Novice: 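Quick one: the structure is below, questions incoming.
Just so it is clear, the structure is predicted and the values come from calculations on it, not from any experiment. FYI, side chains are in, hydrogens and waters are out, and symmetry mates aren't considered; it's all heavy atoms of this structure. In the text below, chain A, chain B and the rest are named by the order of the sequence lines, each starting its count at 1.
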Amino acid sequence: MTRKGRRWAIVLVCGVGLGSATALSLLAFSSDMVFFVAPSDLAANGQPGRSLRLGGLVEAGSVHRVSEGGEPVAHFRVTDGKASVDVSYTGILPDLFREGQGVVTLGTLRPDGTFRASEVLAKHDETYMPKDVADALKKAGMWDPTKGPPPPAATWNAMATRTAG
Amino acid sequence: MNRRQVLLTAPLGVAALGGAAFWTMLRGMQRGTFDPRGVPSPITGQPVPHFDLPAQAPGQGFTSAELAQGKPVLLNFFASWCVPCVQEHPALLALAKSGMPIWAIAYKDPEDKAAQFIQRHGDPYQRIGRDTPGRVAIDFGLSGVPESFLVDGGGVVRWHWPGPLDASVIQDRLQPAWRALG
Amino acid sequence: MIPELGHFALALACALSFAQAILPIYGAWRRDERLIAAAPGLACGQLLALGVSAFCLVWSNVVDDFSVLNVAENSNSLKPLLYKITGSWGNHEGSIILWALILALCGGAVAGFGRNLPGALRARVIGVLGASSAGFLLFSLLTSNPFTRLWPAPIDGRDMNPLLQDPGLAFHPPMLYAGYVGFAVPFAFAIAALLEGRVDASWGRWVRPWTLASWCLLTCGIALGSWWAYYELGWGGFWFWDPVENASLLPWLTGTALLHSAIVVEKREALKIWTVLLAIATFSLSLSGTFLVRSGILNSVHAFANDPARGVFILGLLGVVIGGSLLLFAIRAPALSAGGIFAPVSREGALVLNNVLLCSIAAVVITGTMYPLFSDLILHDKLSVGAPFFNATVIPLAVPVFAAMTIGPVMPWKRAALLPALLRIWWAALIAVMVGLIALTKAPVLPALAFGGAAWMIAGAAADIVERIRLFRLPAGNSMARLRGLPIAAFGAAIAHAGLGVTVAGIAGMSLARQQVVLVHPGEQIQAAGLTWALDSLTDRTGPNYNERVANIRVIRPGEPDLEMHPSRRAFTTQTVTTTEAAIHTTGFADIYAVLGEERDGAAVMRLHYNPMAPWIWLGGLVMAIGGGLSLADRRLRVGAPARKTVPLGVSA
């Protein structure tokens, strides 16, 4: 094989490698992309079956937990103020999941208009808020040293806990 | 430049493009226009939701219609149990002193606690509504307290900031948005 | 006083690193022997200063000096001593110090072990390392000073994120950082080669051990991180395609490619420009990955506190390091001499294929990680790319890698034929097919194929050794003699390849995992995930800085004693954060995994898993690292090529 031919062989291998990578990516993008939607988007044009991330607030008083066939299922409504969607989730809810608080759920819309979540992230759990917490602490000495340790993280995260009943 | 040189410059080009994009993102994050982890706020550019809130001492309650009476207003959600609200308070007092009308909504707070909070830390608010059940907050798509909304004279939300207002937020973001409303 | 000493030592290290960056490179350029000779001293001086500084930081943490802001924010007097020490680097400021310290160690190692490198080359390498150190130390001093004082000092600190109070995570960052930062040495060699305008076989030989050492550490670091996520996050998964995980995977992929292309440079003097580019790319990816996470652009389940203002500094730093090196590459690389020539079907050809595929995988991982950001920025579309995307793109590209990595090593250099190579390892193929068929009786098609693939890799690695010693084709004595004569590196490579096979087997097993969420009352027995479970009681327990709710469960197995497990939820007293402590029982071939969730009406929500082959995932990582470590011990890597007079070059791993 000539030098030129060999060089072309390498170019060909690279082309096939990168080409298939591109093709696979495009193919996966068309089917596996997860869009972020709000409840009002779902109300307007929700396509059942597609994997989606639904974000909004857990409506106050909407959470009820039941046991279906031995499995614990949580039902709650997620709202963005304009529309709300029924969500069901089987599994362990995050520690900071609370009514009136932001959540992001991952799942699919079912034909009956309810949303079946496979994953629920509390928007204000510690993985979501460190920026504000850090900034706040940067303003330093913020907590009153005579009172001992600084306020617990959950209270920095705004709405999380000590709400008045 | 021959083909080889062009080819070997390509990595630099790719890196430069990436760098420029990240630069734009960082600038956007600092200005609050780009938030990679944020949930999009549906309310900016929309009229405020309809509400009628009872008074929270020492202020006077208000309705959504009263918010839309020709003058821009800074609407601030707060709660006595929220530490960043304490931190934000001096900035609000300063803003009120400089002549910015600030209306407030006490979020999920018992009336006496919220009143004590204002008594202790000062009162920058012209009107104060009480949203103990947190319903209005849901309509606003609140993600936490404190959170502030700039509402124009027509009752449309023009700008919003989730989190405490500090000197840099006020100077770099709130003031420009305020000036834009005239 | 101690924090001030630490601060001073940090400033001193920064000044020394600037000297280390400027003097040796200038000296190498002007051929000033005195300046060239100053390089090792400067590198050691910087290491010493930074070591003192890091010690002061650890000291402040150990003695609970809450007048130091960093300690007050991240530590607490109740925290166990181990986490007081490891907590020093468990936060942003401290981790930058750790990062810089490892970089300084690299500089010190080049100074110490590189005595036989040509003086000018060593000076340049140390200079480049000094320049990167200078950037990070400046970053630390200007934006992330760990020694900032807080007055008045609080009585107690805010405590560390409880998720990080874990032995696995205590050692994960140093390991991972050592891997990331270790790639600074091949990077420095690449820059030095560009400055010199020369890349040859001996360059490849010097670069390889450093790459190998960093690669081993990075492999261990990634495996440790994945293991931590598996048992501490309690989600029962081992890899989530989280941006932070992807950020560590990317340099691993290009680093693996670099490891293999450096062999081609060493043996055949080909792929030289490509190898230089890979060395630059690997370190660039190490840097950008970590620091994009820090700036808050990429978000993650395990993120540090982040700050866009810091991000600007970081981006500037990245611009100088990456932009500068790629600019140098664009200017100087065309002048490098063209490489040797080889047939497409040959050992070199297989290694090129490996490089192309690994880089393609890296490209799709970058695409998947970055696309949501760009779509948000340009199209204002909020979307995310999750595991389905990565599975659909990475797996098809990984399959040819697995196929080729067994055939490649049995092909001769320069020119080969595919068929004879395949014939030499026919029995590995036979084993793979048999394992695949057996698996097919118990598992669906894809996992069965993966098991077959894993067997192919493990048997193929053995076949490589068998082939080299001509076992069964020569008399046994001759074979034994060949075995003894075989370089350690050959074993190392075979073991590392087999390690990947072990990991693949583990992943294939995990795809068969069964999990179930159940609501159980104490005293109740249930069937879940193919096992019988009994919840005996729910009890409370108090730890040093947490309160714990423990579920006492038993797994009832026929013919075997009951297995007791105690999954728990910990509420940390100083941060109102709860963590989930999964209970894991491993049998070597499977994990029984239980997580305690919330309680309602006296019943506990539990998630119960049966994860076949799970331990193999991390075992494979360890085996890979051991293989790499063995190769490091090879004498050949330490003996200079005749082209340039060099002798031993070892590596501290």
Novice: Side chain from CB out, backbone as N, CA, C, O: work out which of these in Ile10(A) comes under 4.5 Å of a heavy atom of chain C, or both, or neither.
Specialist: side chain
Novice: Measuring heavy-atom distances to chain A, does Ile361(C) have an atom under 4.5 Å in its side chain, in its backbone, in both, or in neither?
Specialist: neither
Novice: Would you compute the distance between atom OG of Ser20(A) and atom CG of Leu357(C) and round it to the nearest 0.5 angstrom?
Specialist: 7.0 Å
Novice: Side chain, backbone, both or neither: which part of Phe390(C) has an atom under 4.5 Å from a heavy atom of chain A?
Specialist: neither
Novice: Mind listing the closest non-hydrogen atom pair of Ala392(C) and Leu24(A) along with its distance?
Specialist: O-CD2, 3.7 Å
Novice: Highest number of heavy-atom pairs under 4.5 Å with chain A: which of Gly597(C), Ser375(C), Gly349(C), Pro388(C)?
Specialist: Pro388(C)
Novice: Return the minimal non-hydrogen interatomic distance between Val356(C) and Gly17(A), and the atom names on each side.
Specialist: CG1-CA, 3.9 Å
Novice: Identify which part of Val517(C) has an atom lying under 4.5 Å from any heavy atom of chain A, answering side chain, backbone, both or neither.
Specialist: both
Novice: How far apart are the closest heavy atoms of Ala28(A) and Phe389(C), and which atoms are they?
Specialist: CB-CD1, 3.4 Å
Novice: Just to verify, what does Gln525(C) make a side chain to side chain donor-acceptor pair (under 3.5 Å) with, not counting sequence neighbours?
Specialist: none
Novice: Roughly how far, to the nearest 0.5 Å, is CG of Leu397(C) from OG of Ser25(A)?
Specialist: 8.0 Å
Novice: Nearest 0.5 Å, please: how far is OG1 in Thr90(A) from CG in Leu519(C)?
Specialist: 11.5 Å
